Amino acid sequence: MKRIKLLLNKIRFMFTYSWKMGPANLICAFFQIIIDTAEPFLLLMLPKYIIDALVYGAPWSKVLFHTLLYIGVFALSKITRLIYNSVSAHIVNGCDIKNSLNYFSDYLYMDYQNLESDDLRNTNNRVSTTVRANTFVYEIFVQTITNFLKFIGYSYIIASLHPLLIIFLLGLVLINSLLSKKSEKINYEFEPVTARFSRKQSYLFGTMIGFDWAKEVRINKAEEWLREKHGNVCREYMSENMKLQKKHLPLNVISSIVSFAETFVTYVYCALMAITGSITIGSFSVYVGAIANFSSSLNAVVQSFVHNSYVMKRIDEYQDYRNRIKPFHESTDPETSPALDSAPSIEFVNVSFRYPNTDFDVLKNISLKIEAGKRLAIVGYNGAGKTTLIKLLCRLYEPTEGEILYNGINIKNIRYKEYMDILSVVLQDFKLFAFPVWENIVLNRQMDKEHLEYCIDKCGLMNKINSLPKGLETSIGREFDEEGIEFSGGEGQKLASARALYKKGKISIMDEPTSALDPIAEYELYNRFDQIIMNNTALYVSHRLASAKFCDRIAVFAGGRIIEEGTHDELIGRNGVYCEMFNKQAEYYREETGK
């Protein structure tokens with residue numbers, strides 16, 4: 001009883017899900033059940049009367065009547081199906097697009113840390129091909145109901161010939177059902193292999209044709225290397241697929257033998273009945289067709305139940321997957337709203353962090369406070385934990401231990417979306433989108449032309465924008481527009497800075513976005529950005545120390561810890577790590593400039 005209840009809950013879930021993806025789909029499904037059930041019976045029964053009329057010398061008027069009736073029903077059936085297919089194709093396509101968007105959207109809204117989970121990505125790949133509205137409606141619901149109704153109808157016809165024939169056919173179907181169950185189990189166990197190889201192949205294919213990798217591939221002559229990688233993945237998949245086919249082979253052989261036995265026995269039996277006059281020639285065609293369709297429809301019903309049992313497992317997996325990707329703030333989002341009228345203070349209190357599936361802390365017991373409206377420079381060598389600190393502040397990850405305070409309030413206790421509004425961030429690995437320049441800055445916020453031009457001007461991009469053929473409407477990249485342009489690394493960083501300024505956040509962050517700039521240009525960008533953000537609380541992350549001089553405080557990171565903290569002058573006076581780094585860089589710049 002409990003299992004039936006669970007099954008009904010899953011079916012109800014899929015009907016609800018399918019209705020959400022496209023209500024018209026379910027309406028089309030009921031029409032398809034009527035058409036698919038009625039059509040084969042009509043086209044099976046009507047020829048009987050034509051054949052019997054011809055064989056037993058009926059008047060030509062009767063032959064003509066049955067012939068025209070058959071032609072009329074056949075034509076009406078085809079016209080009805082043609083109209084239905086035309087309407088349903090559009091509905092099914094729209095539902096499939098919405099279904100795909102639903103799965104792609106998971107990547108947009110799931111927590112950042114889940115994007116790195118290989119298991120979740122593989123799960124998405126599996127469930128996105130099985131738990132779909134169209135799959136449930138047409139491959140499960142429609143086919144199961146239609147085949148069951150056909151089974152009932154054909155059983156009635158065959159029972160009129162001989163009841164024992166049904167028992168014989170049921171025995172063969174039972175054998176096929178066991179074979180089908182075994183086959184489905186083999187396919188189910190192979191699905192993770194398919195998902196894994198599908199992801200690898202998609203990545204390699206995208207790399208081979210992607211514009212982002214085109215320069216690297218050509219300059220490094222990596223064409224054959226990538227082809228070989230892709231070929232290795234394909235060969236490895238084909239090897240695994242061959243193992244799958246070998247497992248299926250004996251099942252297919254037994255299934256063929258069962259089908260031959262069915263055909264042989266039914267044809268011989270019906271032929272004997274016709275020869276002895278027990279049935280007419282027309283009835284012979286009906287019974288042979290009914291027996292063949294009886295077996296196929298019952299096999300389909302059994303296979304549907306076997307297949308559906310694995311689909312039900314996928315529904316379990318899908319529901320678990322939905323719970324796992326649910327953003328941490330979605331169900332526990334608090335009522336506290338941040339104060340937006342002034343710059344906040346930020347404090348890290350005994351914060352430690354380790355990335356998922358790792359066993360060491362990237363940050364270790366960090367305690368650090370940034371006063372409201374002050375500037376903090378975070379410096380240190382690569383791998384010191386600087387960017388990780390920014391990820392925690394931006395709530396891309398949650399601290400493993402400790403807490404981060406916004407005006408004394410734990411940031412976990414602030415509404416997530418409102419907290420995101422107070423962050424103006426220029427990331428180390430910022431991205432530009434293949435859309436017009438102005439959209440790359442404004443994104444989904446309200447368009448303010450005056451403020452947009454102000455941000456562009458303050459970030460030093462006005463001359464560049466004015467030189468473009470379509471100005472702000474010029475597309476970045478040529479993915480969708482042949483007249484699009486490619487920004488240089490420095491220009492892209494300035495555009496990313498304009499995006500952050502346009503947002504008007506109260507916390508401004510620059511996380512080493514200046515790798516494409518020379519030291520002088522970097523200093524100018526930081527200095528310009530610092531002047532524009534005015535009274536905001538700001539964090540500047542850089543491995544170049546010239547940009548740290550104008551900050552109120554400097555925190556030096558090494559090995560996930562803060563090893564020095566103070567003003568520029570204080571740290572120089574201590575003659576420690578910061579002083580050593582600063583002097584080395586200063587000496588390097590003097591050598592570069594010849595001064």
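From a predicted model like this one, the values you see are computed outputs, not experimental measurements.
No side-chain heavy atom of Phe433 sits under 4.5 Å from any side-chain heavy atom of Ile476. Here the side chains of Thr474 and Pro469 are in contact, with some heavy-atom distance below 4.5 Å. Contact of the Glu228 side chain with the Glu224 side chain is not registered, since no non-hydrogen atoms from C-beta on lie closer than 4.5 Å. You'll find the side chain of Leu472 reaches within 4.5 Å of the side chain of Lys449, heavy atoms only. Proximity of Ile257 to Ile254: side-chain heavy atoms (C-beta onward) are nowhere separated by under 4.5 Å. Counting heavy atoms from C-beta on, the side chains of Val142 and Phe30 never come closer than 4.5 Å.
Within a 6.0 Å radius of NZ in Lys98, more than 12 heavy atoms belonging to other residues, nucleotides or ligands are found. Within a 6.0 Å radius of CG in Asp429, other residues, nucleotides and ligands contribute more than 12 heavy atoms. More than 12 heavy atoms of other shown residues, nucleotides or ligands fall within 6.0 angstrom of atom CZ in Arg445. No more than 12 heavy atoms of other residues, nucleotides or ligands lie within 6.0 Å of OH in Tyr49, so this atom counts as exposed by the packing criterion. In Gln245, the CD atom is crowded: over 12 heavy atoms of neighbouring residues, nucleotides or ligands sit closer than 6.0 Å.
Rounded to the nearest 0.5 Å, atoms CG (Asn252) and CG (Leu179) are 9.0 Å apart. Atom-to-atom distance recorded for Asn440:CG and Lys431:NZ is 12.5 Å, nearest 0.5 angstrom. Atom NE2 of His248 and atom OG of Ser183 lie 4.0 Å apart (nearest 0.5 Å). Between Gln201 atom CD and Thr194 atom OG1 the span is 11.0 Å, to the nearest 0.5 Å. Distance CZ/Arg499 to CD1/Ile441: 8.0 Å, rounded to 0.5 Å. The distance from the OH atom of Tyr502 to the CG atom of Asp448 is 5.0 Å, given to the nearest 0.5 Å.
Salt-bridge check for Lys417 with Asp421: failed, with every basic side-chain N at 4.0 Å or more from each acidic carboxylate O. A salt bridge is absent between Glu473 and Lys470; no separation between the charged side-chain nitrogens and carboxylate oxygens falls under 4.0 Å.
Tyr355 has its ring centre less than 6.0 Å from the ring centre of Tyr397.
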Please tabulate, for side-chain N and O atoms in residues 67-90, each donor-acceptor pair with protein atoms closer than 3.5 Å (sequence neighbours left out).
from, atom 1, to, atom 2, distance (Å)
Thr67, OG1, Val63, O, 2.7
Ser77, OG, Glu39, OE2, 2.2
Thr80, OG1, Leu76, O, 2.7
Arg81, NH1, Asp36, OD1, 3.2
Arg81, NH2, Asp36, OD1, 2.7
Arg81, NH2, Glu39, OE1, 3.2
Tyr84, OH, Cys28, O, 3.1
Tyr84, OH, Gln32, OE1, 2.7
Asn85, ND2, Arg81, O, 3.3
Ser88, OG, Tyr84, O, 3.0
Ser88, OG, Asn85, O, 3.4

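Partners of Val193 by side chain to side chain contact (heavy atoms under 4.5 Å, CB included), not counting sequence neighbours, listed by chain and number: Phe190, Arg196, Phe197, Glu240. Residues passing the side chain to side chain contact (heavy atoms under 4.5 Å, CB included) test with Ala24, sequence neighbours excluded: Ile91.
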Kindly determine whether Asn147 and Lys150 satisfy side-chain contact (heavy atoms from CB on, under 4.5 Å), including the steps that lead there. CA-CA 5 Å; Asn147 285 316; Lys150 288 180 181 178; 4.3 Å; yes
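Looking at Thr37, its side chain never comes within 3.5 Å of a backbone N or O of Ile34 through a donor-acceptor pair.
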